[in-house]
Amino acid sequence: KTFTVANMNQFSEGDCKSFNIQTANGIQSGFIVMWQERYYAYVNQCPHTGVNLEWRADQFLDSTNQYIQCGTHGARFRISDGYCVYGPCQGQSLKPLEIALDNGKILIIFE
């Protein structure tokens, strides 16, 4: 199943947007990051504690805009693959979501 979660024109470099979609398994919370002219999508859940990652609405990146940072304990994750490089969940990764671009829209794909 495919869900439209945002429009590409809502993003510039370093922008993030959270979303919630209803799937067969319940509500899925996720977020999209535009970084180095690409879009990345992850489940909005820290692998350490299970909490949502954002500091405040749509704020997922650290002060340098180089890492996704957990607002609860400061763990930092690479934007390109969600791998934790710093913090209590070091070595773990965020769960990626399959993303597609279609006619200016950003889609999340669930099997």
Side-chain angles (χ1 to χ4, degrees):
K1 191 159 179 158
T2 304
F3 300 88
T4 300
V5 294
N7 292 315
M8 291 169 62
N9 65 7
Q10 293 177 287
F11 289 84
S12 20
E13 183 69 17
D15 284 347
C16 303
K17 181 170 177 38
S18 60
F19 60 85
N20 291 307
I21 50 180
Q22 180 68 49
T23 70
N25 298 325
I27 294 177
Q28 178 69 64
S29 178
F31 65 99
I32 298 168
V33 179
M34 182 185 183
W35 187 66
Q36 297 183 343
E37 300 181 16
R38 293 191 59 200
Y39 297 92
Y40 299 89
Y42 296 99
V43 172
N44 186 5
Q45 186 176 49
C46 178
H48 175 233
T49 62
V51 299
N52 286 354
L53 293 159
E54 70 267 36
W55 297 83
R56 58 184 174 273
D58 297 330
Q59 179 62 50
F60 291 86
L61 301 184
D62 70 348
S63 61
T64 68
N65 281 348
Q66 296 299 306
Y67 295 95
I68 298 163
Q69 185 171 353
C70 178
T72 300
H73 54 69
R76 288 184 185 90
F77 305 86
R78 290 189 301 229
I79 296 170
S80 61
D81 60 7
Y83 183 81
C84 184
V85 296
Y86 173 82
C89 49
Q90 193 166 353
Q92 296 178 293
S93 296
L94 299 176
K95 181 179 178 194
L97 294 170
E98 187 174 351
I99 192 169
L101 307 177
D102 182 41
N103 247 359
K105 301 212 178 289
I106 300 172
L107 312 171
I108 299 296
I109 303 165
F110 282 93
E111 302 276 329

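When reading the values below, keep in mind they use all heavy atoms of this one structure, side chains included, and skip hydrogens, waters and symmetry mates.
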How about W35 and L61: do any of their side-chain heavy atoms sit closer than 4.5 Å? no

Any side-chain heavy-atom pair of C84 and H48 under 4.5 Å: no

From CD1 (I68) to CD1 (I79), nearest 0.5 Å: 5.5 Å

Contact summary for K17 and A6, nearest pair of heavy atoms: CD-CB, 3.9 Å

Would a 4.5 Å heavy-atom cut-off, applied to side chains only, mark V85 and R78 as touching? yes

According to a 4.5 Å side-chain heavy-atom criterion applied to Ile, Leu, Val, Met, Phe, Trp and Tyr, with indirect links allowed, do V5 and F60 form part of one hydrophobic cluster? no

Do side-chain atoms of Q10 reach the backbone of N7 as a donor and acceptor pair under 3.5 angstrom? yes

Take atom OH in Y39; do more than 12 heavy atoms of anything else shown fall under 6.0 Å from it? yes

Count I, L, V, M, F, W, Y as connected when their side-chain heavy atoms are under 4.5 Å apart, and connections chain through other members. Are F77 and L97 then in the same cluster? no

Quick check: is F19 connected to V51 through a chain of hydrophobic side chains (ILVMFWY, heavy atoms under 4.5 Å apart)? no

Please report the interatomic distance CE(M8) to NZ(K105), rounded to the nearest 0.5 Å. 11.0 Å

Please report the interatomic distance CG(D58) to SG(C16), rounded to the nearest 0.5 Å. 7.5 Å

Is there side-chain contact between I106 and L101, with heavy atoms separated by less than 4.5 Å? yes

I99, Y42: one ILVMFWY side-chain cluster at the under-4.5 Å cut-off? no

Grouping I, L, V, M, F, W and Y whenever their side-chain heavy atoms are under 4.5 Å apart, do L53 and Y40 come out in a common cluster? yes

Shortest non-hydrogen contact from E13 to E37? OE1-N, 3.2 Å

So, N44 and E54: side-chain donor and acceptor under 3.5 Å apart, yes or no? yes

What is the distance from atom OG of S80 to atom CD of Q36, rounded to the nearest 0.5 Å? 8.0 Å

Rounded to the nearest 0.5 Å, the CG atom of N52 sits from the CD atom of Q45 at a distance of 8.0 Å

Hey, are D62 and T64 close enough side-chain-wise for a donor-acceptor pair under 3.5 Å? yes

Looking only at heavy atoms, which two atoms of L94 and P96 are closest? And how far apart? O-CD, 3.3 Å

